[in-house]
Every structure is written in C-alpha cells, then in structure tokens.
Amino acid sequence: MNGKAIGQLSGLAGRLVAESLIQTQDAVDAQTEAAAARMPFVQYLVEKKNVDGRRLAEVASHEFGVPLFDLDALNSETLPIGLVEPELVIKHHALPLFRRGNRLFIAVSDPTNLAALDEIKFHTGINTDAVLVAEQALGKALLKWINAQDSLADGLDDLDSTDLDDIDISGGSPESEGDDESDALDETPIVRFVNKVLIDAIKQGASDIHFEPYENSYRVRFRTDGVLQVMVNPPRNLAPRLAARLKVMSQMDISERRLPQDGRIQMKLSRNRAIDFRVNTLPTLYGEKIVLRILDPSSAQMGIDALGYEPEQKEMYTKVLDQPQGMILVTGPTGSGKTVSLYTGLNILNTAERNISTAEDPVEINLEGVNQVHVNAKIGLNFAEALRSFLRQDPDVIMVGEIRDLETAEIAIKAAQTGHLVLSTLHTNSASETITRLLNMGVPAFNVASSVDLIIAQRLARRLCKVCSLPADDIPQATLLEEGFTEEMLEEASIKRPVGCEDCNGGYKGRVGIYEVVKITPSIARLIMEEGNSLQIGEQARAEGFYNLRHAALKKVAQGMTSLEEANRITVD
C-alpha cells in the first residue's frame with residue numbers, strides 16, 4: 001500500500017513526505033481531495049491538514065527552484081489594483097505583487113500551479129513569473145487586495161448605488177459641444193475604469209488625480225492630505241485610450257498630443273451635489289500626463305471657524321472684510337488652500353446688498369450670487385481687461401484670481417483706493433515677501449502702503465488622526481526649545497505623534513490651515529514707503545506681535561492638531 005501510495009505522489013508531495021511534514025497516506029488523500037475541491041494542493045494542506053505553511057514554502061522553494069518571498073515585508077498599498085481581474089485572482093489563489101517592465105510577478109503558495117500563470121498572462125498580455133510565499137500570508141494579502149479592489153469598484157456608498165455607466169458627466173463650459181469622436185471612444189471598460197477612479201478619489205478626499213505614462217508602466221496617483229500615493233497601475237497599453245477618454249470628457253482636442261491643453265469636467269453625483277474637475281494635459285516623453293484638480297463647491301461652505309485660524313487671526317480677517325474698501329492678499333504655493341480662504345471670505349460678503357465680481361483662471365468654485373468671469377487670454381480677456389469692465393459695473397467687492405503682472409496690480413490697487421474691497425492672491429512664501437514682490441513688479445511703494453490692509457500667508461498641514469495618535473513624551477524639552485517652541489507654549493502643550501490605523505492614512509486624517517496673518521500697521525506702512533526689504537518688514541511684523549508661519553505651525557503642534565514632523569515638512573525655522 002505504501003509503495004502504491006508513494007507512486008501516486010507528485011514531486012512536491014513526495015518531498016513533503018521525505019521531509020516528514022506529512023504522512024504518506026495523508027499526502028495521497030490530500031492530493032485526491034484537493035483536486036475534488038478544486039483547490040491548490042498547498043492551500044488544501046494548510047487549511048485542512050494544518051501543515052506549517054512557512055516550512056512548506058521553504059521545502060517547495062528548494063524543490064522547484066522558485067524564489068521565496070516574505071509577504072509580511074511588502075506594503076499592501078503598493079499592490080497593483082485593476083491589472084488582473086478579481087475572478088482570476090480568486091480562482092487561482094494567486095496574487096499580483098508588482099510589475100517590472102513587461103514581467104508581472106505573481107505570488108503563489110503552490111509552485112505547481114502553472115495554470116494560474118498561463119491564464120493571467122493570457123488575460124493581461126504580460127509575461128508572468130512565480131514567486132513563492134507562505135500560504136497563511138498569501139490568504140491575508142488576498143483579502144486586503146480584494147477589499148482594495150472592491151473599494152475602487154464600489155464608488156461612493158451614499159450615491160444610491162449609482163450605475164458607473166450612467167453617471168452624469170459634462171465637460172468644459174455650458175456652451176461647448178461634444179466631440180464627434182466621443183462615441184467611438186465610448187468603450188465601456190475604459191469608461192467604467194475612469195469613472196471608478198474619479199469616484200474613488202472623491203470618496204478618499206483627494207485633491208488631485210495624476211494619470212502618468214512611463215516607458216514600461218502606467219500609474220494613477222491620488223494626492224490625499226497633501227501627499228501623493230499610487231492607487232492603481234493599469235496596463236501600459238491602455239495609456240492612449242485613457243488619455244483619449246479624459247480629453248473627450250474635458251472637451252479637449254483629442255487629436256492634439258503635442259501641446260498642453262486645459263479643460264474641465266463636471267460630475268453630477270446627485271440632484272444636489274456636483275463635483276468639478278480642472279483638467280490639464282502635458283505631453284511627456286512616453287505619452288500625455290493628465291492631472292485633474294478636484295474642486296468641491298462644498299469647501300466654500302465650511303465656514304471660517306473650520307479653516308484653522310487662531311482667534312486673533314480670525315478677528316483680523318473678519319474686521320478687514322467688514323471694511324468698505326482696501327485690499328486683502330492671500331499668498332502661498334499651489335495647493336496651500338488660498339482659494340478656500342478667498343471663497344470663505346466671499347461667502348461671508350455674499351449678501352443681496354453687495355455687487356461681487358470675480359475674475360479667475362479658471363473659475364474653481366461656483367458661488368450663487370457672485371458674478372464670476374473665466375478669463376481667456378486667447379481672446380484678449382485677461383485679468384486687467386476683466387477688472388476694467390468690473391469698474392464700469394458699480395462693484396462693491398472684487399476678487400482677482402491672481403496678480404501676475406504690473407497692469408493687473410495697478411488696476412487692483414486703484415480699485416482698492418477708490419471705494420472697493422479687493423481680494424486677490426500671489427505666489428510668495430511669506431507675508432513680507434508679498435510686499436517686496438509687488439514692489440519688484442513696479443508698483444510704487446506709496447500705492448502698496450496705502451491700499452494693502454491685510455496679508456495672509458498660508459500652508460496646509462496634515463491633521464493627526466484622533467483615533468490613534470499618541471503623546472510624544474519622549475522628546476526632550478531642550479530639543480523642543482531648539483525647534484522654536486517658547487516655554488510659555490510648552491506649559492500647556494499636548495504634543496502628539498502619528499501612529500496609523502484603519503481610520504487614517506499613516507497616522508493623519510484631514511488637513512488644517514497654518515496661517516501668518518499680518519495687518520499693515522502705520523509702522524509697517526512707513527517701512528514699505530522707505531522700500532524696506534522683506535527681512536526688515538518681517539522683523540517689524542514680529543515686533544508688533546504678528547507671528548510667522550513657523551510659529552503658527554508650532555502652535556498647532558502644541559495643541560495636538562499636527563505633529564512636529566509635519567510642521568518641519570511644511571515650514572522652516
């Protein structure tokens with residue numbers, strides 16, 4: 001009986017018997033029962049016969065010469081999603097790990113499972129290589145992968161099971177017409193994939209979506225809480241079709257692949273909620289990179305209390321908003337929340353008694369009751385021309401998307417000096433540098449000093465997760481003082497560190513504003529008139545009690561809202 005049984009054993013089963021991991025008859029029975037249950041032999045041994053999966057993997061690796069891999073060392077978030085159909089993964093108990101060029105590495109616990117590699121290769125068109133892993137680790141990783149796949153496929157939970165094929169998507173402006181070629185590009189798998197990506201980005205609170213082609217790969221990244229993360233790696237050969245679909249949705253010219261283009265997508269999630277996407281294409285070495293900026297109108301309704309201003313900063317901002325004339329400048333890099341700060345102010349001012357006009361490139365958030373103009377330099381409608389037109393229509397409040405040149409700056413300043421409240425943005429690093437930027441543009445110092453009332457420099461810091469963050473008691477007080485904390489700040493400080501849990505993203509969830517708010521006082525105005533540099537203006541502002549971005553960030557750290565690491569990431573000493 002033993003001789004007959006041993007003769008029925010495969011190479012792996014025979015090796016397992018030789019290594020005393022399983023009895024001969026048990027091995028024969030396991031082969032028969034696994035085949036009847038349509039389960040991989042190794043999976044059956046681990047689940048039904050309680051064989052040590054790690055030891056089994058070591059033996060199989062030695063027997064078949066397949067490399068052994070520790071799945072516990074792999075970050076599950078980097079697993080490719082959308083590359084292999086979930087049905088194939090479940091059917092073959094085989095997990096796609098990563099792609100290198102035209103080779104896809106598949107984790108299996110049974111090295112004889114050649115059917116998995118062949119079928120995955122057939123469906124993806126990518127050569128496959130086996131990597132051996134322990135069965136228990138493979139089972140856990142498969143669950144995480146399937147959950148991530150379901151998250152991408154399910155979309156928003158509160159959309160009343162909206163069909164991904166029937167989401168109401170429009171592009172560009174109301175007057176734009178659809179592209180004649182859109183029907184030809186309406187391939188259901190591509191349409192559904194793009195819709196899934198857009199919906200998942202909204203669900204995760206992402207601010208940007210990056211579609212990026214490379215020589216041998218393609219990736220889709222989300223910027224969530226200010227940090228980019230790879231979400232899915234579609235097949236490289238889909239790059240042209242994905243680009244064409246996004247360009248059709250954005251009302252762009254799909255035949256133009258040599259020049260950058262700008263467009264817009266509006267996705268109606270329900271009768272009362274719509275999300276806008278600002279779209280930009282950029283020709284790169286291996287295709288068109290496409291970035292979508294997600295514009296959620298609800299962000300303008302957050303209210304000033306939700307933005308993170310300190311009480312004295314909020315009071316300064318609201319006081320200047322109450323003035324009939326003057327200028328408020330908001331400054332910071334792209335993605336620092338300038339638009340939300342401006343729209344929050346506009347929302348406070350938006351009453352039936354005021355005539356409010358804005359010139360923007362592009363209009364990012366639609367506000368009922370505000371006259372918004374999308375500037376278009378191609379037809380001569382620039383910021384300066386829009387401002388001239390505003391001044392002929394009896395405005396009370398004017399918002400200029402960005403002061404980019406001397407002509408726009410001069411018209412905005414004249415408007416602020418003649419009975420209008422003007423709000424605008426500049427791209428500078430601090431409040432004091434905003435002044436020197438205007439002077440360098442060529443605006444006379446006396447005009448800057450007499451028109452600008454308030455400057456807000458800002459950044460966005462990731463907010464610590466309220467569920468898992470822990471006190472950072474191990475940081476010496478001397479180190480904190482060196483970082484810039486004052487002894488007064490440390491007296492009641494609640495400094496915390498990120499941990500990470502299922503409810504957050506690496507210990508962080510959401511963002512909070514960090515602000516430097518400087519009121520132009522008579523002494524600062526005098527220094528501007530004397531054409532003082534940014535260092536002198538900054539020192540005067542500190543002397544008058546206006547703290548800088550670094551101090552503001554440390555206050556948020558002391559309050560337990562963000563971590564010291566995050567403060568160091570977004571500010572400098």
Side-chain angles (χ1 to χ4, degrees), residues 225-226 302-321 328-342 344-345 425-435 437 452-464 469 472 475 479-498 508 510-521 524 534-535 537-573:
D225 294 337
M302 291 172 59
I304 194 168
D305 292 325
L307 298 185
Y309 286 96
E310 297 295 333
E312 62 273 18
Q313 294 176 330
K314 172 189 167 184
E315 184 180 359
M316 280 190 282
Y317 189 17
T318 53
K319 274 188 176 181
V320 177
L321 285 173
I328 299 172
L329 295 175
V330 181
T331 182
T334 301
S336 59
K338 300 187 299 296
T339 300
V340 172
S341 284
L342 282 179
T344 300
T425 71
L426 276 89
H427 286 275
T428 60
N429 290 323
S430 65
S432 57
E433 290 177 37
T434 304
I435 298 295
R437 171 80 174 124
V452 178
D453 288 300
L454 191 75
I455 302 174
I456 301 172
Q458 65 181 75
R459 302 289 187 275
L460 288 176
R462 290 181 292 172
R463 190 187 290 266
L464 282 169
S469 61
I475 305 177
T479 301
L480 295 175
L481 292 172
E482 287 178 6
E483 289 286 347
F485 288 92
T486 64
E487 293 185 358
E488 183 182 356
M489 290 167 63
L490 294 176
E491 285 179 3
E492 299 182 0
S494 176
I495 299 174
K496 297 182 179 180
R497 60 179 176 86
Y508 299 95
R511 288 191 287 181
V512 62
I514 306 294
Y515 303 95
E516 174 189 16
V517 181
V518 175
K519 180 87 168 61
I520 304 302
T521 61
I524 294 178
S534 60
L535 292 176
I537 295 171
E539 288 175 1
Q540 182 61 37
R542 304 295 87 76
E544 297 195 31
F546 304 118
Y547 45 82
N548 59 14
L549 283 167
R550 176 66 179 176
H551 187 84
L554 294 179
K555 284 178 73 74
K556 291 292 189 291
V557 174
Q559 293 164 9
M561 290 188 182
T562 191
S563 66
L564 182 57
E565 294 87 351
E566 184 68 2
N568 289 335
R569 185 180 72 87
I570 63 170
T571 63
V572 295
D573 291 335

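Under the 3.5 Å distance criterion, the side-chain polar atoms of Gln458 are matched with a main-chain donor or acceptor of Gly337.
For Val340 against Leu307, the heavy-atom pair with the smallest separation is CG1-CD2, 3.7 Å. Minimum interatomic distance between Ala431 and Val518 (heavy atoms only, all atoms of both residues): CB-CG2, 3.7 Å. Here the closest heavy-atom approach between residue Phe485 and residue Val557 is recorded as CZ-CG1, 3.7 Å. The shortest non-hydrogen separation linking Thr334 to His427 is OG1-CE1, 3.7 Å. When every heavy atom of Ile514 is checked against every heavy atom of Ala552, the shortest pair comes out as CG2-CB, 3.8 Å. Between Thr331 and Lys338, the shortest heavy-atom distance links the atoms C-CD, 3.6 Å.
Rounding to the nearest 0.5 Å gives a distance of 9.5 Å between CD of Glu565 and CZ of Arg497. Taken from CZ in Arg462 to OG in Ser563, the straight-line distance is 7.0 Å, to the nearest 0.5 Å. The structure places CZ of Phe546 at 10.0 Å from CD of Glu516, a figure rounded to the nearest 0.5 Å. Within the model, atoms CD1 of Ile524 and CD1 of Ile435 stand 8.5 Å from one another, a figure rounded to the nearest 0.5 Å. Note: Ile455 CD1 to Ile537 CD1 = 8.0 Å, rounded to the nearest 0.5 Å. The line from CZ of Arg463 to OH of Tyr508 is 13.0 Å long, rounded to the nearest 0.5 Å.
You'll find the side chain of Lys314 stays beyond 4.5 Å of the side chain of Tyr515, heavy atoms only. You'll find the side chain of Met489 stays beyond 4.5 Å of the side chain of Leu480, heavy atoms only. Side-chain contact between Leu460 and Ile570: absent, with no pair of heavy atoms (C-beta onward) separated by less than 4.5 Å. Between Gln313 and Ile456 there is no side-chain heavy-atom pair separated by less than 4.5 Å. For the pair Leu464/Pro498, a side-chain contact is recorded, criterion being any heavy-atom separation below 4.5 Å from C-beta on. Side chains of Leu549 and Val572 form no contact here, defined as non-hydrogen atoms less than 4.5 Å apart. Side-chain atoms of His551 and Lys555, non-hydrogen and from C-beta on, do get closer than 4.5 Å to each other.
One finds a salt bridge joining Glu315 and Lys319 here, because a Lys/Arg side-chain nitrogen approaches an Asp/Glu carboxylate oxygen to under 4.0 Å. Checked for salt-bridge contact, Glu539 and Arg542 miss the test: no charged N lies under 4.0 Å from a carboxylate O. Taking a cutoff of 4.0 Å between a charged side-chain nitrogen and a carboxylate oxygen, Arg550 and Glu483 qualify as a salt bridge.
In this structure, the side chain to side chain contact (heavy atoms under 4.5 Å, CB included) partners of Ala493, at least two apart in sequence or on a different chain, are Leu490, Ile495, Ala558. Shown here are the side-chain hydrogen bond (donor to acceptor under 3.5 Å, both in side chains) partners of Lys556, two or more places apart in sequence or in another chain: Glu310.
Within a 6.0 Å radius of CZ in Arg511, other residues, nucleotides and ligands contribute more than 12 heavy atoms.
Classification of the Tyr317-Tyr309 ring pair by plane angle, with boundaries at 30° and 60°, yields tilted.
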